[in-house]
Amino acid sequence: MKDVALLRYSRQIMLPEMDVVGQQKLLNATVLIVGLGGLGCPAAMYLAAAGVGHLVLADDDTVEVTNLQRQIAHSHADLGQSKVESVCTTLQGLNPDVKFTLLNKRMLGDDLDSTIKSVNLVLDATDNFATRFAINRSCVKHRIPLVSGAAIRMEGQVAVFDAGNHSSPCYQCLYQEGEELDTSCASNGVMAPIVGIIGSVQAMEAIKMIVGIGESLCGRLLLLDAKHMQWREMKLPRDPYCRLCGKE
């Protein structure tokens with residue numbers, strides 16, 4: 001690791017759980033972030049700043065004025081620009097040493113499957129169930145860890161699904177495909193800081209999984225009620241009858 005990198009990441013390297021070895025794991029990692037809205041923006045910013053070596057950014061949308069209330073990696077000057085390009089510009093300003101791959105398209109089918117197969121971890125920051133289920137299926141297939149987050153109104157949730165862990169549930173253990181709700185901010189509204197809180201937790205969980213430190217949220221669902229600022233935790237066991245990952 002070069003001297004400039006040692007200086008840049010010195011405050012993390014000081015942590016005994018991280019050290020130089022842990023930082024090098026981050027530098028060697030490739031993370032796919034699907035969705036560069038309210039959750040994806042803060043998550044991407046923290047992962048880039050923390051030193052994840054390669055970030056694959058996927059989103060098919062462009063920056064609109066209604067995004068600017070909460071999607072903090074975009075600015076007024078980015079209106080009309082693709083979100084992947086807007087976020088990439090912001091992240092390059094934070095850390096020019098990170099490698100970026102930009103996917104300005106909706107990630108489904110073979111594109112999604114081949115991309116997930118090539119990364120170390122996936123961070124799901126999308127707002128629709130079809131994409132979430134597709135991401136989950138591919139992560140289970142290729143045994144890639146998945147950090148899932150959601151936020152709406154003044155509520156949020158985070159979970160980690162580790163397909164390489166035989167006791168881990170998958171996203172479909174939590175939600176059944178076909179039981180879809182409208183979870184978009186356009187239909188329900190959202191308070192700006194809630195997505196920042198949840199996106200930051202997603203980034204923290206991703207770093208922990210990559211480096212192998214602490215206890216991940218695998219097997220647990222973390223719920224935030226920001227209106228009363230209360231956190232709740234629920235056990236999330238693997239469903240033996242899950243149609244995707246169950247054994248029965």
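Since the model is a prediction, treat every value here as computed from it, not as a measurement.
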Side chains of [X] and [Y], heavy atoms from C-beta outward: is any pair under 4.5 Å?
X      : Y      : value
Asn95  : Tyr9   : yes
Gln81  : Thr62  : no
Thr115 : Leu103 : yes
Leu223 : Glu233 : no
Glu155 : Ile194 : no
Lys105 : Asp111 : yes
Val122 : Val31  : no
Lys208 : Val160 : no

So does [Y] get a backbone contact from the side chain of [X], meaning a donor-acceptor N/O pair under 3.5 Å?
X      : Y      : result
Gln69  : Val190 : yes
Arg70  : Thr66  : yes
Asp78  : Ser75  : yes
Glu205 : Leu217 : yes

Roughly how far, to the nearest 0.5 Å, is the [atom2] atom of [Y] from the [atom1] atom of [X]?
X      : Y      : atom1 : atom2 : result
Leu15  : Gln12  : CG    : CD    : 7.0 Å
Leu146 : Met209 : CG    : CE    : 9.5 Å
Leu224 : Trp231 : CG    : CH2   : 4.5 Å
Leu102 : Cys88  : CG    : SG    : 4.5 Å
Arg106 : Leu112 : CZ    : CG    : 11.5 Å
Ile72  : Leu68  : CD1   : CG    : 12.0 Å

Looking at Met191, I'd like to know if its CE atom is crowded, meaning that more than 12 non-hydrogen atoms belonging to other residues, nucleotides or ligands lie closer than 6.0 Å.
no

Less than 3.5 Å apart, any donor N or O on the side chain of [X] or [Y] sitting next to an acceptor on the other?
X      : Y      : value
Thr89  : Gln92  : no
Gln23  : Asp19  : no
Asn136 : Tyr175 : no

Should [X] and [Y] be counted in the same cluster of Ile, Leu, Val, Met, Phe, Trp and Tyr side chains packed under 4.5 Å apart?
X      : Y      : result
Leu222 : Met229 : yes
Leu121 : Val140 : no
Leu123 : Leu94  : yes
Ile213 : Leu26  : yes
Val84  : Ile33  : yes

Going by atom type alone, with no hydrogens or angles, which donor-acceptor pairs under 3.5 Å involve a side-chain atom of residues 166-174 and a protein atom two or more places apart or on another chain?
{"unit_1": "Ser167", "atom_1": "OG", "unit_2": "Asn165", "atom_2": "OD1", "d": "2.8"}
{"unit_1": "Ser168", "atom_1": "OG", "unit_2": "Asp162", "atom_2": "N", "d": "2.9"}
{"unit_1": "Ser168", "atom_1": "OG", "unit_2": "Asp162", "atom_2": "O", "d": "3.4"}

Would you call Arg232-Asp225 a salt bridge at under 4.0 Å N-O?
no

Salt-bridged, Asp61 to Lys83, with N to O below 4.0 Å?
yes

Report all side-chain donor-acceptor pairs from residues 34-54 shorter than 3.5 Å, counting only partners two or more places apart or in another chain.
{"unit_1": "His54", "atom_1": "ND1", "unit_2": "Thr30", "atom_2": "OG1", "d": "3.4"}
{"unit_1": "His54", "atom_1": "NE2", "unit_2": "Thr101", "atom_2": "OG1", "d": "2.7"}

Between Leu6 and Ile13, is the side-chain contact (heavy atoms from CB on, under 4.5 Å) condition met? List the steps.
CA-CA 8 Å; Leu6 290 171; Ile13 293 172; 3.9 Å; yes

Run the side-chain contact (heavy atoms from CB on, under 4.5 Å) test on Ile116 and Leu32 for me, step by step, so that the C-alpha distance in whole Å, both residues' side-chain angles and the decisive distance to 0.1 Å come before the verdict.
CA-CA 7 Å; Ile116 287 179; Leu32 167 63; 3.7 Å; yes

If you apply the rule side-chain contact (heavy atoms from CB on, under 4.5 Å), what do you find for Gln157 with Ile198, and how did you get there?
CA-CA 7 Å; Gln157 66 179 45; Ile198 298 301; over 6 Å; no

Hey, mind stepping through Asn128 and Thr126 against side-chain hydrogen bond (donor to acceptor under 3.5 Å, both in side chains) and telling me if it holds?
CA-CA 6 Å; Asn128 69 88; Thr126 62; 4.8 Å; no

CA sep, side-chain torsions, deciding dist, call: Ser148, Phe161, side-chain contact (heavy atoms from CB on, under 4.5 Å)
CA-CA 8 Å; Ser148 176; Phe161 306 105; 3.8 Å; yes

